[in-house]
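Presented below is the structure to which this report refers.
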4 protein chains.
Amino acid sequence: MTETAARKAEVANDTVTKDVENVSGQRLKSYLDRIDRLEEEKKGLAEDIKDIYAEAKGVGFDVKTIRKIVKLRQMDTNKRHEEEELLELYKSAVGLD
Amino acid sequence: MTETAARKAEVANDTVTKDVENVSGQRLKSYLDRIDRLEEEKKGLAEDIKDIYAEAKGVGFDVKTIRKIVKLRQMDTNKRHEEEELLELYKSAVGLD
Amino acid sequence: MTETAARKAEVANDTVTKDVENVSGQRLKSYLDRIDRLEEEKKGLAEDIKDIYAEAKGVGFDVKTIRKIVKLRQMDTNKRHEEEELLELYKSAVGLD
Amino acid sequence: MTETAARKAEVANDTVTKDVENVSGQRLKSYLDRIDRLEEEKKGLAEDIKDIYAEAKGVGFDVKTIRKIVKLRQMDTNKRHEEEELLELYKSAVGLD
DNA sequence: ATTGCGGTTTTTGCCC
DNA sequence: GGGCAAAAACCGCAAT
């Protein structure tokens with residue numbers, strides 16, 4: 001192999017390698033950026049929620065209790081599904097279906 | 001006090017009481033609704049993020065590692081280095097490498 | 001079938017049914033009790049572990065880092081190195097150091 | 001400073017350093033070992049519990065349902081405390097204490 | 001057989 | 001710093 005040919009091969013190799021790294025690196029970065037952005041928004045919402053709690057606290061509400069209420073309301077929504085699920089479960093366990 | 005005046009006072013009292021209850025009850029509900037709504041949105045974003053991880057996994061990336069990177073990028077550089085150093089220190093202290 | 005014979009049959013049936021219910025009920029309870037007991041012990045050990053972390057923290061160790069070390073030691077050496085390499089790879093891919 | 005004195009100093013320094021490293025390294029290892037041991041036991045118990053579930057399943061019980069039962073029993077125990085706690089919480093929220 | 005998924009436990013970060 | 005809520009790792013199951 002001539003010196004020139006060898007050089008070309010090396011370059012070609014490098015290029016390929018770089019391309020491979022680039023495409024996956026690029027892609028990875030893209031995912032990371034999208035995730036970061038959504039995480040940002042999520043964090044923003046968390047802030048907003050915190051602010052509401054703070055505001056409520058400011059007018060005399062007990063934050064901890066409000067949290068409990070929020071949770072209870074969610075439960076009241078989820079609970080139904082949960083209980084239905086449990087019922088189904090037990091029914092199937094006894095061979096009722 | 002005449003009967004009419006007394007009546008008025010009672011009514012007034014009731015009204016005030018109701019108003020007080022109303023305003024705080026209303027207010028509390030308002031807070032709860034706002035919180036619920038934001039929580040909903042937050043949950044939606046969490047879903048989106050999960051989807052991205054799934055997508056990345058689909059093209060061969062390691063999700064666990066991506067999560068680590070996300071955290072590292074969020075973390076302050078100095079703090080990150082500190083933690084890394086501390087880990088290395090402990091590792092060498094117990095002969096782990 | 002005479003009345004007496006029928007009576008006997010019923011009784012026999014009841015007895016069998018009860019026995020069946022008893023044996024499975026008994027058995028189920030036995031399982032539940034054994035599980036409860038073991039869960040108790042497990043919880044106790046979790047407490048003990050927590051205490052050790054607290055103690056270590058008391059003399060100046062960083063709990064978070066210790067946790068990492070515990071995990072690393074549990075992990076197979078090869079797997080550990082693989083993960084570390086993968087992390088380094090991703091880090092360099094996104095220009096993190 | 002004579003050569004001998006310098007030597008002694010070095011040795012002393014080394015010794016001190018080693019001692020310091022030793023004591024903390026030793027101590028760290030000691031914590032790690034204790035944790036490991038307890039984790040082992042904990043894992044063992046988890047195994048035992050798993051075995052019981054397997055055994056129950058082997059004689060025809062539905063594992064998922066048993067798990068639910070176990071949880072319900074725990075709740076029945078914990079629930080009381082939980083409810084008491086919640087009561088206290090609301091009481092304090094209303095200024096009753 | 002492999003991989004996605006639900007649920008459980010463990011870990012981390014946060015607020016008081 | 002201690003308790004609490006959110007996130008993440010882990011595990012068994014199921015479905016393909």
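By convention in this document, chain letters (A, B, ...) are assigned in the order of the sequence lines, proteins followed by strands, and residues within each chain are numbered from 1.
- Residues meeting the side chain to side chain contact (heavy atoms under 4.5 Å, CB included) test with T77(A), sequence neighbours left out: none.
- The footprint of chain D on DNA chain E, defined by a heavy-atom cutoff below 4.0 Å, extends from dT8(E) to dT10(E).
- Applying the side chain to side chain contact (heavy atoms under 4.5 Å, CB included) rule to D76(A) yields no partners; only residues at least two apart in sequence or on another chain are considered.
- A heavy atom lying under 4.0 Å from DNA chain E marks the following residues of residues 42-74 of chain D, by number: K42(D), K71(D).
- Annotation: the span from R80(D) atom CZ to E85(D) atom CD amounts to 13.5 Å, rounded to 0.5 Å.
- As judged by a 4.0 angstrom heavy-atom cut-off over every strand, E39(A) is placed among residues making no nucleic acid contact.
- The salt bridge (Lys or Arg N to Asp or Glu O under 4.0 Å) test applied to K71(C) returns no partner, not counting sequence neighbours.
- Remark: K43(C) engages no residue in a side chain to side chain contact (heavy atoms under 4.5 Å, CB included) (not counting sequence neighbours).
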Return a table of donor-acceptor pairs under 3.5 angstrom between the side chains of residues 54-65 of chain A and protein atoms on other chains or two or more places apart.
residue: E55(A); atom: OE1; partner: R34(B); partner atom: NH2; Å: 3.3
residue: D62(A); atom: OD2; partner: T65(A); partner atom: N; Å: 2.9
residue: D62(A); atom: OD2; partner: T65(A); partner atom: OG1; Å: 2.6

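- Remark: K91(A) engages L87(A), E88(A), L96(A) in a side chain to side chain contact (heavy atoms under 4.5 Å, CB included) (not counting sequence neighbours).
- For R73(C), the side chain to side chain donor-acceptor pair (under 3.5 Å) test picks out D33(D), D36(D), with sequence neighbours left out.
- Taking the side chain to side chain donor-acceptor pair (under 3.5 Å) definition, one finds that Q74(A) meets it with nothing, sequence neighbours left out.
- Nucleotides of DNA chain F that come within less than 4.0 Å of any heavy atom of chain B span, from the 5' end to the 3' end, dA8(F) to dC10(F).
- Here K50(B) pairs with nothing under the salt bridge (Lys or Arg N to Asp or Glu O under 4.0 Å) rule; sequence neighbours left out.
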